[in-house]
Amino acid sequence: MITIYHNPRCSKSREGLALLEGSGKKFEVVKYLEDLINEDELKTIISKLEIKPIDLIRKNEAIWKSDYKGKELTDQQIIKAMIEHPKLIERPIIVNNDKAVIGRPKELILDII
């Protein structure tokens with residue numbers, strides 16, 4: 001099953017959703033700012049993305065700049081920050097079985113669907 005972790009207010013996330021809708025494939029939408037991601041789920045997503053937690057952070061978000069920027073943080077502290085402040089999570093994230101991509105640019109989604 002394909003899953004998109006989606007923020008409707010984000011134009012890149014809307015583009016990713018439109019690409020999935022146009023693909024004709026079945027998928028589920030998780031509005032992660034409403035249906036919060038738990039720690040285990042976030043760790044699984046990061047593992048499937050094959051990235052470090054810091055690479056999933058939106059570093060231009062005000063909360064990142066005010067509370068975290070410039071600090072030495074462990075992976076666990078970064079994951080905790082994303083759980084506490086889900087708007088820090090880069091979007092959209094598309095997961096298909098054991099693979100995942102951040103849909104920026106949206107064409108990256110085509111690699112896993």
Side-chain angles (χ1 to χ4, degrees):
M1 171 61 91
I2 299 170
T3 303
I4 180 171
Y5 292 85
H6 176 59
N7 177 352
R9 297 186 64 200
C10 172
S11 64
K12 298 293 184 192
S13 196
R14 290 191 306 268
E15 288 175 8
L17 180 62
L19 190 147
L20 284 176
E21 289 170 340
S23 74
K25 297 184 186 261
K26 291 185 180 185
F27 64 93
E28 82 173 308
V29 177
V30 175
K31 294 180 183 177
Y32 67 92
L33 295 178
E34 297 170 18
D35 302 322
L36 301 178
I37 300 172
N38 67 44
E39 183 175 335
D40 289 337
E41 189 176 4
L42 184 57
K43 286 180 176 179
T44 298
I45 291 167
I46 291 167
S47 174
K48 289 179 181 185
L49 286 167
E50 299 179 344
I51 61 173
K52 301 288 277 171
I54 191 67
D55 297 326
L56 193 56
I57 291 284
R58 295 177 52 79
K59 296 173 189 77
N60 286 326
E61 289 291 337
I63 190 73
W64 179 261
K65 290 179 180 179
S66 67
D67 291 10
Y68 303 101
K69 185 178 180 183
K71 295 182 180 178
E72 289 289 326
L73 301 170
T74 65
D75 287 351
Q76 185 59 39
Q77 289 170 317
I78 293 167
I79 288 168
K80 185 177 182 213
M82 287 188 275
I83 297 297
E84 291 176 4
H85 309 284
K87 69 191 305 184
L88 288 175
I89 300 171
E90 190 61 80
R91 66 233 179 199
I93 301 168
I94 296 78
V95 177
N96 188 1
N97 296 314
D98 62 345
K99 297 178 184 175
V101 295
I102 299 169
R104 289 173 173 262
K106 68 180 182 245
E107 290 77 15
L108 291 175
I109 298 168
L110 299 172
D111 294 341
I112 68 163
I113 62 169

State, to 0.1 Å, how close [X] and [Y] come at their nearest heavy-atom pair, and which atoms those are.
| X | Y | value |
| --- | --- | --- |
| Phe27 | Ile4 | CD1-CG2, 4.1 Å |
| Ser13 | Asn7 | OG-N, 3.0 Å |
| Ile102 | Asp55 | CD1-O, 4.2 Å |
| Leu17 | Val29 | CD1-CG2, 3.7 Å |
| Lys59 | Ile54 | NZ-O, 3.0 Å |
| Thr3 | Val30 | CG2-CG2, 3.7 Å |

Between [X] and [Y], is there a shared hydrophobic cluster once you connect ILVMFWY residues whose side-chain heavy atoms come closer than 4.5 Å?
| X | Y | answer |
| --- | --- | --- |
| Leu73 | Leu42 | yes |
| Trp64 | Ile51 | yes |
| Val101 | Leu110 | yes |
| Leu33 | Met82 | yes |
| Ile37 | Ile57 | yes |

Nearest 0.5 angstrom please: [X] [atom1] to [Y] [atom2], how far?
| X | Y | atom1 | atom2 | answer |
| --- | --- | --- | --- | --- |
| Lys52 | Ile79 | NZ | CD1 | 9.5 Å |
| Asn38 | Thr44 | CG | OG1 | 8.5 Å |
| Ile93 | Ile46 | CD1 | CD1 | 8.0 Å |

Check: [Y] main-chain N/O paired with [X] side-chain donor or acceptor under 3.5 Å:
| X | Y | result |
| --- | --- | --- |
| Glu34 | Lys31 | no |
| Lys71 | Asp67 | yes |
| Tyr32 | Ile89 | yes |

(message) So for atom NZ, which belongs to Lys25, do other residues, nucleotides or ligands contribute more than 12 heavy atoms lying within a distance under 6.0 Å?
(response)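 Atom NZ in Lys25 is not crowded, with 12 or fewer foreign heavy atoms closer than 6.0 Å.
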(message) Does Lys48 have more than 12 heavy atoms from other residues, nucleotides or ligands lying within 6.0 Å of its NZ?
(response)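 For Lys48, atom NZ is crowded (more than 12 foreign heavy atoms under 6.0 Å).
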(request) Could you go through the side-chain contact (heavy atoms from CB on, under 4.5 Å) check for Leu56 and Leu88 one step at a time? (result) CA-CA 8 Å; Leu56 193 56; Leu88 288 175; over 6 Å; no
(request) Check whether the side chains of Glu41 and Tyr5 place a donor and an acceptor atom closer than 3.5 Å, and report yes or no. (result)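 A donor-acceptor contact under 3.5 Å links the two side chains.
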(message) I'd like to check the salt bridge (Lys or Arg N to Asp or Glu O under 4.0 Å) partners of Glu39; sequence neighbours left out, ordered by chain and number.
(response)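 Lys43.
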(message) Is any side-chain heavy atom of Ser47 closer than 4.5 Å to one of Leu49?
(response)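 No, side chains not in contact.
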(message) Tell me which pairs pass salt bridge (Lys or Arg N to Asp or Glu O under 4.0 Å) where either residue lies in residues 10-22, with sequence neighbours left out.
(response)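 As it turns out, there is no salt bridge (Lys or Arg N to Asp or Glu O under 4.0 Å) pair with a partner in residues 10-22 once direct neighbours are skipped.
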(request) In sequence, state the C-alpha distance, the side-chain angles, and the governing distance for Glu28 and Ile2, and then conclude on side-chain contact (heavy atoms from CB on, under 4.5 Å). (result) CA-CA 6 Å; Glu28 82 173 308; Ile2 299 170; over 6 Å; no
(message) Check this for me, if you would: do Glu84 and Lys80 make a salt bridge, where the nitrogen-to-carboxylate-oxygen distance has to be below 4.0 angstrom?
(response)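 Result for this pair is yes, salt bridge flagged.
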(message) Suppose the criterion is side-chain hydrogen bond (donor to acceptor under 3.5 Å, both in side chains): which pairs have a residue in residues 88-112, not counting sequence neighbours?
(response)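 Residue pairs passing side-chain hydrogen bond (donor to acceptor under 3.5 Å, both in side chains), neighbours aside: Arg58-Glu90, Glu90-Arg104.
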